[in-house]
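Notes to accompany the following structure.
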Amino acid sequence: MKFISILSTKFSAFVLSLMGRGGSLPGSIGLKFDANILKKLKFSGPVILVTGTNGKTSTANMITDLLMTNGYNVISNRKGDNLKAGITTTLLTNSTLSGKVKANACVLEVDELNVRHILPNIPVTAFVVNNFFRDQLDRAREMEQLIDTIEKVLPNYEGELILNGNDPNVVRLAKKAPRAHTTYYGIDKNVYSVDKTNEASEGKFCPHCGARLNYSYYQYSHIGNFACSECEFKTPVLDISLYDIDLEKETFYYNKELFKSPYEGMYSMYNCSAVLACAKFLNIPTVDVKKVFANAPQPKGRNEKFEKNGKTCILNLVKNPTGANEVMKVIEKDKTDKVICIVLNDREQDGTDVSWIYDTHFEKIIEDSTKEIICTGLRANDMALRIYYGNYKGTLTVVEDLDTAISLSLSKSDNVYAIATYTALLPTRNAILKGMK
């Protein structure tokens with residue numbers, strides 16, 4: 001059935017391409033013919049998986065570029081089809097009919113819940129984990145349940161674990177992978193570190209004994225330097241540690257070298273740290289890492305800037321409290337007058353439970369320089385109520401139609417921020433492009 005599985009995937013992908021479409025359907029068809037097709041593929045060179053709640057797309061893409069810079073022929077799911085069917089599509093459409101993957105390196109972004117379908121079935125060289133935060137409870141369930149699905153497939157894993165050493169929920173994975181070697185990355189205490197945090201946090205208790213975790217500092221959310229109050233569980237010695245962080249210039253030091261992050265925010269610094277950890281594992285020099293950082297494309301909707309005729313609009317994706325809080329911090333730095341448009345949807349890919357907006361610190365953008373907040377999307381009224389409860393005194397407007405909301409925002413100010421959930425991101429981007437013609 002292997003031959004039929006690969007052929008059917010290739011053929012359906014070809015037909016969809018003629019229609020100007022892509023997606024995961026070809027992989028779903030291939031899996032119908034052979035549910036174990038991934039185990040039958042032949043790989044050569046490094047195979048790297050990247051997962052985590054936030055930052056996996058940017059991290060995976062930079063690792064892909066790093067390998068390409070070093071002459072590798074790389075297969076990657078850059079478009080973000082990170083579920084089992086999407087990954088199957090990527091691999092089978094880039095394989096021979098006999099099942100040989102046509103590349104000498106493979107980098108795959110993997111949805112956290114789908115790690116259990118991918119990691120045991122292909123020869124993974126390195127498994128990179130960014131972070132774990134509460135995200136889309138209706139789909140991903142409680143974080144403890146999600147992590148458990150990953151821990152169950154780690155006992156037989158013999159590759160490299162590349163883990164965020166400042167996230168206790170990531171560090172815990174090492175205990176479940178006794179055959180693996182672990183590299184820890186992270187960030188030293190810096191001027192942005194805080195002794196206490198009131199952000200939504202999932203790292204309050206030790207995953208081994210259940211006692212409270214004590215933190216000497218936090219970077220954001222539950223990311224920081226931790227130690228169990230009862231057992232030996234604590235932040236490990238970091239193999240890759242960034243220091244002298246400057247979020248204004250977006251620079252940092254590693255091993256006495258100055259680097260510039262391609263993206264804004266502390267969370268983006270962790271993505272850079274993960275890339276440096278991969279470079280160390282693959283024996284790739286830091287000069288090549290700097291090239292990747294210098295040329296990293298801006299992912300659509302990740303602090304994406306649109307400028308025309310003196311107007312600026314910056315678009316950001318939000319999907320959970322921690323990621324949204326980091327976006328709030330970026331907007332908070334801008335003290336000039338602005339209008340903010342928030343697009344809140346509750347479709348399946350967004351997460352049908354929107355209670356997470358009450359764990360997001362929208363108060364950070366509720367300030368005098370925010371002249372108006374315009375809410376739209378399927379749950380616009382819920383979003384407006386959240387802003388109202390945040391004690392916003394400026395103009396608060398609910399607009400049913402997305403295009404109208406964006407057009408209104410652009411007419412009210414030359415400085416606009418658009419914040420959109422997953423299914424609203426592309427329509428919002430299109431509305432911005434249309435509005436700035």
Could you tell me the separation between the [atom1] atom of [X] and the [atom2] atom of [Y], rounded to the nearest 0.5 Å?
X      : Y      : atom1 : atom2 : result
Asp403 : Leu408 : CG    : CG    : 12.5 Å
Lys291 : Thr286 : NZ    : OG1   : 11.0 Å
Ile373 : Tyr417 : CD1   : OH    : 13.5 Å
Asp34  : Lys40  : CG    : NZ    : 3.5 Å
Tyr270 : Ile240 : OH    : CD1   : 13.5 Å
Ser76  : Leu108 : OG    : CG    : 6.5 Å

Considering only NZ, NE, NH1 and NH2 on the basic side and carboxylate oxygens on the acidic side, decide whether [X] and [Y] come within less than 4.0 Å.
X      : Y      : result
Lys152 : Asp148 : yes
Asp350 : Arg347 : no
Lys329 : Glu332 : no

Worked check of side-chain hydrogen bond (donor to acceptor under 3.5 Å, both in side chains) between Asn415 and Asp334: CA-CA 10 Å; Asn415 187 25; Asp334 183 357; 3.0 Å; yes

Plane angle bin for Phe259 and Phe293 - parallel if under 30°, tilted between 30 and 60°, otherwise perpendicular: perpendicular

Geometric class of the Phe133/Tyr220 ring pair [parallel <30°, tilted 30-60°, perpendicular >60°]: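 Rings of Tyr220 and Phe133: tilted, as their planes differ by 30° to 60°.
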
Looking at [X], I want to see if its [atom1] is surrounded by more than 12 non-hydrogen atoms of other residues, nucleotides or ligands under 6.0 Å.
X      : atom1 : result
Lys234 : NZ    : no
Lys290 : NZ    : yes
Lys333 : NZ    : yes
Lys260 : NZ    : yes
Lys311 : NZ    : yes
Met436 : CE    : yes
Tyr253 : OH    : no
Phe14  : CZ    : no

Looking at every non-hydrogen atom in both residues, tell me the closest pair between [X] and [Y] and how far apart they are.
X      : Y      : result
Leu31  : Ala85  : CD1-CA, 4.2 Å
Leu315 : Arg429 : CD2-CB, 3.7 Å
Tyr192 : Ile245 : CE1-O, 3.4 Å
Ile387 : Phe362 : CD1-CB, 3.9 Å
Ile340 : Ile342 : CG2-CG1, 3.9 Å
Phe281 : Ala126 : CE2-CB, 3.8 Å

Do [X] and [Y] pair up side chain to side chain, a donor and an acceptor below 3.5 Å, judged on atom types alone?
X      : Y      : answer
Glu109 : Thr57  : yes
Asn320 : Thr322 : no
Asn70  : Asp288 : yes
Asn166 : Tyr218 : no

Asn345 vs Thr423, side-chain hydrogen bond (donor to acceptor under 3.5 Å, both in side chains): CA-CA, chis, key distance, verdict: CA-CA 7 Å; Asn345 280 354; Thr423 64; 3.1 Å; yes

Is any side-chain heavy atom of [X] less than 4.5 Å from a side-chain heavy atom of [Y]?
X      : Y      : answer
Arg386 : Thr360 : no
Ile284 : Leu66  : yes
Asn156 : Pro120 : no
Leu410 : Phe306 : no
Tyr215 : Pro168 : yes
Leu276 : Tyr254 : yes
Thr376 : Cys341 : yes

Residue from Cys272, Ser58, Ser268, Pro297 passing side-chain contact (heavy atoms from CB on, under 4.5 Å) with Pro262: Cys272

Residue that, paired with Asn271, satisfies side-chain contact (heavy atoms from CB on, under 4.5 Å) out of Thr59, Val128, Asn164, Asn131: Thr59

Flag, side chain of Lys10 to backbone of Ile6, donor-acceptor distance under 3.5 Å: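 Checked: no pair found.
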
Salt bridge (charged side-chain N to carboxylate O under 4.0 Å, His left out) partners for [X], two or more places apart:
X      : result
Asp246 : none
Glu160 : none
Glu307 : none

With sequence neighbours excluded, residues passing side-chain hydrogen bond (donor to acceptor under 3.5 Å, both in side chains) with Thr69: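 Applying side-chain hydrogen bond (donor to acceptor under 3.5 Å, both in side chains) to Thr69 gives none.
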
Set of residues satisfying side-chain hydrogen bond (donor to acceptor under 3.5 Å, both in side chains) with respect to Glu264, sequence neighbours excluded: Asn303

Check against side-chain contact (heavy atoms from CB on, under 4.5 Å), Lys305 and Thr312: CA-CA 7 Å; Lys305 183 180 289 188; Thr312 299; 3.9 Å; yes

Derivation of the side-chain contact (heavy atoms from CB on, under 4.5 Å) call for Met266 and Ile223: CA-CA 10 Å; Met266 184 66 74; Ile223 307 298; over 6 Å; no

Check against side-chain contact (heavy atoms from CB on, under 4.5 Å), Val47 and Val101: CA-CA 11 Å; Val47 177; Val101 177; over 6 Å; no

Partners passing side-chain contact (heavy atoms from CB on, under 4.5 Å) against Leu25 (at least two apart in sequence or in another chain):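 Scan of Leu25 (side-chain contact (heavy atoms from CB on, under 4.5 Å), adjacent residues dropped) gives Leu16, Ile29.
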
Criterion side-chain contact (heavy atoms from CB on, under 4.5 Å) on Ile63 and Val50, from CA distance to verdict: CA-CA 9 Å; Ile63 294 171; Val50 181; 3.9 Å; yes

Derivation of the side-chain hydrogen bond (donor to acceptor under 3.5 Å, both in side chains) call for Tyr185 and Asn130: CA-CA 9 Å; Tyr185 67 89; Asn130 282 353; 3.2 Å; yes

